[in-house]
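Worksheet: the structure to be examined is printed underneath.
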Amino acid sequence: MLNVLLLKEKKKFKFPYLGIYSMLIYLFLYIPLIVVVLFSFSGTKSTVSFSSVTIKWYQELLKNSSLLSSLLHSLQVSLTAVFIAVIIGTSGAFFIVRANFPGKRLFITLAQLPIILPGIIIGIAMLIFFINLNIPLSMFTITMGHVSFTTPVIMFQVTSRLLRLGRTYEDAAKDLGANPIKTLFLVTIPMIKTAIIGGALLAFAMSFDEIIITYFLTGSWTTLPVFIYGMMRFGLSPQVYAISTVILFFSLIIIFFMARFTGTRAEELEVKK
Amino acid sequence: MDENKLYINNNIPEARVTEETQIKLMAVSKVFQDFIAVDNINLDIKKGEFFSLLGPSGCGKTTTLRMIAGLENPSAGRIMLGGKDVTTIPAYRRDVNTVFQDYAIFPHMHVWDNIYFPLKMRKISRREAAPRIERMLKLVNMSDYAKRFSHQLSGGQRQRIALARALVNEPEALLLDEPLGALDFKLRIAMQTVLKDIQKDLGITFIYVTHDQTEAITMSDRIAVMRQGVVDQIGSPDDIYNKPATPFVASFIGEMNFIDGTVIKELADELIVKIGGFEVTCKKNEYNIKTGDDVLLSIRPEKVYVKPSDILDNEVKATLSRIVFRGDNYQVTTNIDSGELTSVIASKSLDISLNSNELITIGWNVEDARIFPIELKKYIINYK
Amino acid sequence: MALTKNLAKQKLKEKKQKSFIAGIPITVWLFIIVLVPVFLMFVMSFRQKSGYEILNVFTISNYLEFFRNDTFWRLLLKSFRMAFMVSISAIITGYPLAYFVSRRLRRFRNLFYMLIITPLWVSYLVRIIAWRTILGNRGLINTALLNLGIIKEPLSIFLYNQASVVLTLTYIAIPFVFIPLYTALEKIPNNLIDAARDLGASEARTFINVIFPLSLPGLVTGFMLSFIIALGDYIIPAQLGGNAGIMYGNVVWAQFGGAFNWPFGAALGFILFFIAAVVLVIAQIFGSKEGIFAE
C-alpha cells in the first residue's frame with residue numbers, strides 16, 4: 001500500500017520546463033519596459049550609471065511646451081478619431097451582422113485591411129490620396145489616418161458581441177411591446193455598451209501610440225509619438241524615458257479598463273452560453 | 001430556494017375553453033430565401049385553450065409561433081387575433097407575449113425590471129406597476145428574487161421569470177417556444193404541472209411549441225402535429241394518439257407497428273387486407289382505399305395481444321423473436337412473413353410461458369388498427 | 001407556391017432597405033479610407049517623376065526599375081529572410097507560451113493572457129526605446145559586461161545590425177503569434193486529450209498527434225501576421241538597424257522623404273501590398289477564422 005502511494009507521488013512530480021520557459025519569456029517581455037521606467041528616474045544624464053533617483057526629468061517635461069502641445073495634439077487626434085470610429089464602427093457592426101448581401105465576406109475582409117496590412121501601405125495610400133485632393137497635411141489628415149485603423153477595431157469588437165447576443169433579446173423586447181427605437185435604446189445598446197466602450201478604449205490606446213501611419217501624414221503639426229521620435233534622433237535623453245513612462249502608465253490604465261469592459265464580466269459570461 | 005418547491009394552487013378551476021376563436025391562421029405560408037418553412041397552414045385556436053404545436057425540429061412550428069407573435073412576417077395568408085386582422089401589425093403592437101426557448105431574460109436588468117419592462121412600454125409608472133409585479137412574482141413563486149440578475153438564477157428560475165414577464169400584461173394569448181427544453185427531466189415534469197395550473201388559473205390561451213410528444217399529450221387541450229411546414233393533424237390528444245391521421249403522426253407519437261399489406265376485398269364498412277399469408281379485417285377510413293391497393297397497416301404495441309385468451313377480430317401466427325423487460329412492461333417482438341410486430345404487455349400479466357422461436361398466436365381488434373395508402377410510408381419517423 | 005415566393009421576395013426587399021442604412025457610414029469609410037487611396041497609390045505607381053514634378057503620364061518604368069536595379073529586389077529578399085526569421089523566433093517563443101497559458105494555467109489564466117497582449121496595444125515607440133537602451137553602445141548589456149570586467153571597451157555588436165532588428169521585431173510580434181495560437185489551443189476540448197491519453201498516447205505523442213495538428217490554423221495565422229508586420233516595418237530598422245539592418249520599408253519611406261520619388265515609392269508600396277495580399281489569402285485559406293481583434 002505504502003509502495004503504491006510512493007509511486008504515485010513520484011509520478012506526479014515533473015520538472016516544470018514549460019513553466020520556467022514561459023516565465024523567462026515573461027521576463028523578456030517586461031524587462032525592457034521596466035528598464036525604461038527605471039531610467040526615467042536616473043539622476044545622471046548618462047543613461048546607464050544609476051547613481052541617484054530623481055524626478056526632475058518629469059518636471060522638465062512640464063516645462064517643455066512643444067512636448068505639451070504635441071501631447072494635446074495627440075489627445076485631440078485620438079479622441080476625434082475614436083469618436084468617429086465609434087459611429088462608423090458600431091453602425092458597421094450592425095450592418096455586417098444583420099444585413100445579407102452578395103460579397104459580404106469580401107466586404108468584411110476589406111474592412112479588416114487597415115489593421116492587418118502593414119501600416120506603411122495605409123500611410124502611403126492615404127498620403128497620395130490627400131495630395132491628390134490638394135488637402136494639406138494637418139490635424140485633419142492625421143485624424144483620418146487614425147480613423148482607418150480605429151474603425152475596424154471597434155467594429156469587430158461590437159460585431160462579436162452582436163453575434164454572441166443573437167436576436168433573442170431584441171425579439172423579446174419587441175414581443176413585450178417595445179418599438180424598434182425603444183428596443184435599440186433600452187435593450188440593444190445597453191447590452192453592447194461595454195463592447196463599444198472596450199473597443200473605444202482599445203482604439204484610443206492604439207491611436208495614441210501610433211506612429212507608422214501618422215509619420216506619413218504629418219506636416220508641421222505633430223502628435224506626441226512623432227515628437228518623441230524626433231527627440232530620439234538626438235539620442236535617448238532621460239526626458240524620453242520620462243515621457244515614455246508616462247505613456248506606458250496611461251496606456252496600462254486604459255488597457256486595464258478595456259479588459260474590464262470586454263468579455264469577462266459575469267453577466268456577459270451568462271450571455272455567452 | 002428548492003427547485004422542486006413549486007407553485008401550488010389548491011383550488012384549480014375547470015378549464016375555461018370556449019368556442020370563441022382567439023387566434024386564426026388562414027392559409028399562412030413563410031418562405032426563407034429558397035426554403036419553405038411553413039406551407040399554407042390553417043389554424044383555429046379557441047379562447048382559453050392550451051394548444052400545442054408539435055413536430056420534429058425544422059417542421060416549422062417555431063416559425064409559426066413567431067408569425068403569431070409578429071416576429072416574422074408571413075409570406076402569404078392572414079393572421080387574426082381576437083377577430084382583428086394583425087397580419088401587418090408589428091410584434092410590439094400585438095397583444096400576445098412569448099416565453100422564449102432560452103428565456104431571453106435581459107441580462108442588464110434585474111428580475112423586477114425585467115418584469116416591469118412590458119409595463120414600462122405601456123407607460124405604467126413604477127409605483128402603479130409594483131403590485132402587479134408583486135402578484136406575478138408570487139404566482140411563479142419567485143417573490144424573494146426581485147433584485148437578482150439573470151446570471152444569479154438557475155434555469156428553472158429563469159424560466160419562471162420569463163413566464164411572469166410574459167404574463168404581467170395579461171396578454172390575449174401566451175406563446176411558449178419549447179420553454180422546458182433546457183431543463184432537466186425531473187424539473188421538466190414539475191414545470192409541466194406549474195404551466196398547466198397557471199393556464200387554467202388565468203384562463204389565458206396558451207400556444208405551446210414542443211417536439212416532446214409526451215409533453216404535448218399530457219398538457220394540451222388540442223394539438224397540431226406539423227411536418228415539413230404542413231399540419232398533418234389537429235385534434236385532441238386522444239384523437240392524435242388513437243386516430244392518427246397520417247403514418248407520420250402515428251410514428252411521431254408513441255410507439256407504433258407498421259406492416260405492409262394489400263387490400264384484397266372490399267366490404268360495406270371494412271376492407272380485407274392480406275399481410276403475409278394472413279387475411280385481416282380493417283376499418284375503412286377517410287383515405288379512399290380500394291381493392292388492389294397496397295396499404296400500410298398501423299397498430300399500437302399495447303393493442304397487440306400475445307396468446308389472447310379471448311377471440312379477437314384478427315389473429316395471425318407469428319414467430320417469437322425477442323422479449324425485452326422494460327420496467328413496468330415487457331416488449332415482445334414477433335415476426336410474421338411481412339414484417340416485425342411488437343407488442344407491449346404489462347409486467348404483471350406476463351404469466352404466459354414463452355419460448356423463443358415458438359410459433360404463437362397474436363391478435364388485435366379491428367378498431368385498434370388503421371390503414372394508410374402505402375405512398376405515405378416515406379413519412380414514417382424512425383424514432384428508435 | 002410561386003405566389004408565396006414572390007411575396008417573400010418583396011418582403012425581403014423592404015427589410016433590406018432598413019438594415020442597409022446602417023451600412024452607409026462603413027461603406028463610405030471603406031471607399032474613402034481604404035479602397036480609393038489604395039487605388040490612387042496604384043495609379044501613382046504608373047506615373048513618372050521629373051525633377052520635383054510628377055508627370056501625368058502612364059509608364060511601367062517604376063516596376064521595370066524595381067526588377068532592373070538589383071538593390072531593390074535584393075533588399076526585398078533580405079527583408080523576406082528577416083521577416084521569416086522574426087516569424088520563426090516569435091513562434092518558438094510564442095507557442096510554448098500559448099500552450100502554457102491556455103492549457104496549464106487555470107486560476108491566473110486571464111491575468112497571464114492580458115500580460116502578454118497588453119504590450120501589443122501600447123507603446124510601440126517605448127519598446128523601441130527600451131531595446132535601444134539595452135543594446136546600445138553605452139547600453140545595459142555593454143555596461144554590465146564592462147562592470148564585470150569581461151570586456152575593456154563597449155562592443156558595438158549588439159546594435160545596428162540584422163540581429164538587433166530581428167530581436168526587436170520578434171519582441172513586437174510575440175503577441176500577434178500568441179493570440180491566434182492561444183485561441184486555437186484553448187478550443188481543443190479536454191476530453192479529446194483525455195481520450196488520447198486513455199488510448200495509451202504519451203504526453204509527447206498526444207501533443208504531436210492531437211494538439212499540434214489542431215493548433216495549426218492558429219499557427220498559420222500567427223506566422224502570417226508576424227511576417228507581414230516585420231516585412232512592412234520601417235521604424236525599427238531605422239532605429240536599431242543601422243546600415244546593415246536596413247529593410248524594404250526604409251527604402252519605401254525614403255521615396256516619400258529624401259529621395260522624393262513618389263511614383264517609385266508607390267510602386268514599391270504596391271509591390272508590398274501585393275505580397276501582403278498573397279500572404280493574407282494564404283492565411284485566410286489555411287489559418288484560423290477568428291480575427292485578432294475579436295472580443
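Nothing here was measured: the structure is a model prediction, and the numbers come from that model. Values below: every heavy atom of this structure, side chains too, minus hydrogens, waters and symmetry copies. In what follows, chains are A, B, ... by sequence order, proteins preceding strands, each numbered from 1.
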Next on the checklist: Looking at A/Ile181, I'd like to know if its CD1 atom is crowded, meaning that more than 12 non-hydrogen atoms belonging to other residues, nucleotides or ligands lie closer than 6.0 Å.
Outcome noted: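 No, because the 6.0 Å sphere around CD1 of A/Ile181 holds 12 heavy atoms or fewer from other groups.
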Checklist entry - Using non-hydrogen atoms only, which part of A/Phe28 is less than 4.5 Å away from chain C: side chain, backbone, both, or neither? => result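 It is both, since atoms from each part get that close.
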Quick check for you: among [options], which has the greatest number of heavy-atom pairs under 4.5 Å with chain C?
{"options": "A/Ser22, A/Gly119, A/Pro225, A/Gly92", "value": "A/Ser22"}
{"options": "A/Phe250, A/Tyr229, A/Phe256, A/Phe94", "value": "A/Tyr229"}
{"options": "A/Ile131, A/Ile87, A/Ile84", "value": "A/Ile131"}
{"options": "A/Thr245, A/Thr151, A/Ile34", "value": "A/Thr151"}
{"options": "A/Ile122, A/Ile116, A/Val240", "value": "A/Ile116"}
{"options": "A/Ile88, A/Ile96, A/Leu163", "value": "A/Ile88"}

Ring center gap for [X] and [Y] short of 6.0 angstrom:
{"X": "A/Phe107", "Y": "A/Phe101", "answer": "yes"}
{"X": "C/Phe270", "Y": "C/Phe46", "answer": "no"}
{"X": "C/Tyr113", "Y": "C/Phe178", "answer": "yes"}
{"X": "C/Phe31", "Y": "C/Phe39", "answer": "no"}
{"X": "C/Trp131", "Y": "C/Tyr124", "answer": "no"}

Residue part contacting chain A, namely of [X], when any heavy atom lies under 4.5 Å:
{"X": "C/Ile24", "value": "neither"}
{"X": "C/Ile174", "value": "side chain"}
{"X": "C/Phe256", "value": "side chain"}
{"X": "C/Ile228", "value": "both"}
{"X": "C/Ile92", "value": "both"}
{"X": "C/Ala238", "value": "side chain"}
{"X": "C/Leu115", "value": "both"}

Item to check | Minimum side-chain heavy-atom gap A/Thr150-A/Met206 below 4.5 Å | outcome: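 They are not in side-chain contact.
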Checklist entry - Would C/Asp233 and C/Tyr248 count as having a side-chain donor-acceptor pair, cut-off 3.5 Å? => result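 No, because no side-chain N or O of C/Asp233 sits under 3.5 Å from a partner of the opposite role on C/Tyr248.
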May I ask you to name which of [options] has the most heavy-atom pairs under 4.5 Å with chain A?
{"options": "C/Phe273, C/Tyr171, C/Phe42", "answer": "C/Tyr171"}
{"options": "C/Leu231, C/Leu105, C/Ile116, C/Ile128", "answer": "C/Ile116"}
{"options": "C/Val279, C/Ile134, C/Ile129", "answer": "C/Ile129"}
{"options": "C/Leu272, C/Val38, C/Ile229, C/Val101", "answer": "C/Leu272"}

Checklist entry - Would you call C/Arg109-C/Glu186 a salt bridge at under 4.0 Å N-O? => result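 Yes, this pair counts.
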Checklist entry - A/Ser207 and A/Ser78: which non-hydrogen atoms are nearest, and at how many Å? => result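 Closest heavy-atom pair between A/Ser207 and A/Ser78: OG-OG, 2.8 Å.
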Checklist entry - Which atom names give the shortest non-hydrogen contact between C/Pro237 and C/Met247, and what distance separates them? => result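 C/Pro237 and C/Met247 have their closest heavy atoms at CG-SD, 3.6 Å.
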